[in-house]
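Side chains are part of it too, since the values below use all heavy atoms of this structure and drop only hydrogens, waters and symmetry mates. Bear in mind the structure is a predicted one, so any value in this text is a computation, not a measurement.
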Amino acid sequence: NKVSFTARYSTDSVNKPGTDDKPSTNPGDSSSDDSSDDSDDSDTIEDSNSVITESISNTSSAITEKQIINQIQSKPENGKVIVDMVNSTKISAEVLNALKNKNMDLVLDMGNYTWTINGKDLWSTDLKEIDFGVKAGTVNVPQEIVDSVAKENPSMQIQLNHMGSFGLKAELSIKIDKTHVGKNGYLYYYDSKGRMKFVDAGKVDENGILQLDFTHASDYVLVFSTKDMLPEKWIQADRKWSYQNADGSNPFLEWKWIN
C-alpha cells in the first residue's frame with residue numbers, strides 16, 4: 001500500500017477566513033533537500049513556491065513527517081504549510097510538537113473539508129497522534145435528542161474519528177449542501193450524559209463552506225437556521241454584566257434559574 005500526499009508551502013500572512021461571518025458568540029521560499037531517488041518510494045522538492053510531492057510506503061511514514069517538520073521549522077512567523085491529504089487522516093505528535101508555539105497555520109486539506117491549526121492554539125504538554133477524519137450524515141445521536149435542539153430546523157450529524165480532547169484548537173471548514181447558503185450553522189456536542197451542549201456557530205458562505213472551531217472530538221449535531229439560535233449567556237456592556245435570554249431580551253422583574 002502507498003501513502004501519497006501533496007504539500008504546498010506559502011509564507012503569505014495568515015488571516016482566518018470567515019471570521020466576520022460568525023454570529024457574535026464565544027473558528028515564499030521553501031527548504032530543500034536537493035535529494036532524489038529513482039525508486040517508487042521517493043520525495044521530490046522543487047524551488048520557490050514549491051510543491052513537494054511524496055509517494056512513500058506505510059513503513060516509511062517517518063520520511064513524510066520529516067518533510068512536513070522541516071517545512072514548519074524553516075518557515076517564518078505568519079506563514080502556512082498546506083498538506084493535501086490523500087490516503088491518511090492522521091497527524092503525528094511529532095508534527096504537532098514542531099508546530100507548537102509558532103504563529104503559523106498547518107492546513108490539512110482532505111477534499112470536502114479542511115482543518116486549520118495555528119501553532120499558538122496548541123496547549124497540551126502531552127500531544128498525541130490525532131485522527132482528523134470526519135464522517136458526515138451519521139446517526140449516533142438519538143433523533144429525539146436532535147429534535148430537542150433543532151426544533152423545526154434542518155440538521156446534520158457529524159462524527160470525528162478521534163475520541164476525546166485534541167489538546168489544541170482546530171478550525172474545521174466543511175462543505176455543506178448549498179441549500180443552506182446564508183444560514184447560520186449551530187454546532188452542538190453530544191456529551192456522555194446524553195445532553196446537547198452548544199459549542200460554536202458560523203455562517204454558511206456563498207460556496208457552501210461552514211467554519212467551526214473544535215477542541216474535542218466525538219459526536220456532534222449541526223443545526224441550520226436563518227434565525228438566531230445562540231444560547232442564553234452573560235454579556236458585558238458599558239462596564240456592566242447582564243444576562244441575555246436566547247431571544248436577545250433580558251430577564252426583568254423575575255426570578256430565573258441560571259445553570
* Asked: Is there side-chain contact between Gln157 and Val146, with at least one heavy-atom pair below 4.5 Å?
  -> yes

* Might you work through the salt bridge (Lys or Arg N to Asp or Glu O under 4.0 Å) test for Asp205 and Lys203, ending with a clear yes or no? => CA-CA 6 Å; Asp205 70 16; Lys203 191 171 185 178; over 6 Å; no

* To do: Give the C-alpha distance, both sets of side-chain angles, the deciding distance and a yes or no for side chain to side chain contact (heavy atoms under 4.5 Å, CB included) between Tyr113 and Ile176.
  => CA-CA 10 Å; Tyr113 61 95; Ile176 302 297; over 6 Å; no

* Quick one: CG on Asn70 to CD on Glu65, what's the gap to the nearest 0.5 Å? -> 11.5 Å

* Would you sort out whether Glu129 and Ile91 count as a side chain to side chain contact (heavy atoms under 4.5 Å, CB included), showing the intermediate values? => CA-CA 6 Å; Glu129 178 184 80; Ile91 289 295; over 6 Å; no

* **Heavy-atom donor-acceptor pair, Tyr220 side chain to Gln159 backbone, under 3.5 Å** => no

* Check the side chains of Lys135 and Asn161 for a donor-acceptor pair under 3.5 angstrom, ignoring hydrogens and angles. => yes

* For the side chain of Asp200 and the backbone of Leu212, is there at least one donor-acceptor N/O pair under 3.5 Å apart? -> no

* Side-chain contact, heavy-atom cut-off 4.5 Å: Lys183 with Asn153? -> no

* Asked: Could you give the distance from CD (Glu152) to CG (Asp147), rounded to the nearest 0.5 Å?
  -> 10.5 Å

* Structure fact -> Between Leu210 and Gly185, the two heavy atoms sitting closest are CD2-CA, 4.1 Å

* Within-4.5 Å side-chain heavy-atom neighbours: Phe214 and Val199 -> no

* To do: Report yes if some heavy atom in the side chain of Thr89 is under 4.5 Å from a heavy atom in the side chain of Met110; otherwise report no.
  => yes

* **Hphob cluster co-occupancy, Leu172 + Val181, side-chain heavy atoms under 4.5 angstrom** => yes

* Identify the heavy atoms of Ser155 and Val221 that sit nearest to each other, and give their distance. => CB-CG1, 4.2 Å

* Asked: Can you find a pair of side-chain heavy atoms, one from Ile72 and one from Lys102, that are under 4.5 Å apart?
  -> yes

* How far does CD1 of Ile158 sit from CD1 of Ile174, to the nearest 0.5 angstrom? -> 5.5 Å

* To do: Specify whether Tyr186 and Phe198 have parallel, tilted or perpendicular ring planes, treating 30° as the upper limit for parallel and 60° as the lower limit for perpendicular.
  => tilted

* Asked: Does the side chain to side chain contact (heavy atoms under 4.5 Å, CB included) test come out yes or no for Asn140 and Tyr190, once each step is laid out?
  -> CA-CA 9 Å; Asn140 296 328; Tyr190 183 55; over 6 Å; no

* **Where Phe224 and Met156 come nearest, the two heavy atoms and their spacing** => CE1-CB, 4.2 Å

* Heavy-atom pair with the smallest gap, counting every atom of Met229 and Val149 -> CE-O, 3.3 Å

* Less than 4.5 Å apart, any side-chain heavy atom of Ile117 and any of Val107? -> no

* Asked: From Leu127 CG over to Asn97 CG, what is the distance, rounded to the nearest 0.5 angstrom?
  -> 5.0 Å

* Shortest non-hydrogen separation from Pro76 to Met104 and the atoms involved -> O-CE, 3.4 Å

* Asked: Shortest non-hydrogen contact from Lys175 to Ile209?
  -> CA-CD1, 3.9 Å

* If we ignore angles and hydrogens, is there a donor and acceptor under 3.5 Å between the side chains of Asp109 and Thr114? -> no

* Asked: CD of Glu171 to OG of Ser173: how many Å apart, nearest 0.5 Å?
  -> 4.5 Å

* Gap separating the CD atom of Glu94 from the CD1 atom of Ile69, nearest 0.5 angstrom -> 6.5 Å

* Asked: Quick one: do the Thr179 and Asp177 side chains pair a donor with an acceptor below 3.5 Å?
  -> yes

* Quick one: which residue pairs count as a ring pair (Phe, Tyr, Trp, His ring centres under 6.0 Å) with a foot in residues 128-160, not counting sequence neighbours? => Trp115-Phe132, Phe132-Phe166

* Test item: Asp121 and Leu168 side chains (from C-beta on) under 4.5 Å apart, heavy atoms -> no

* Are Asn184 and Asp228 close enough, and set up right, to give a side chain to side chain contact (heavy atoms under 4.5 Å, CB included), and what steps lead you there? -> CA-CA 8 Å; Asn184 294 324; Asp228 187 353; 5.8 Å; no

* Sub-4.5 Å side-chain heavy-atom contact between Lys90 and Ile130 -> no

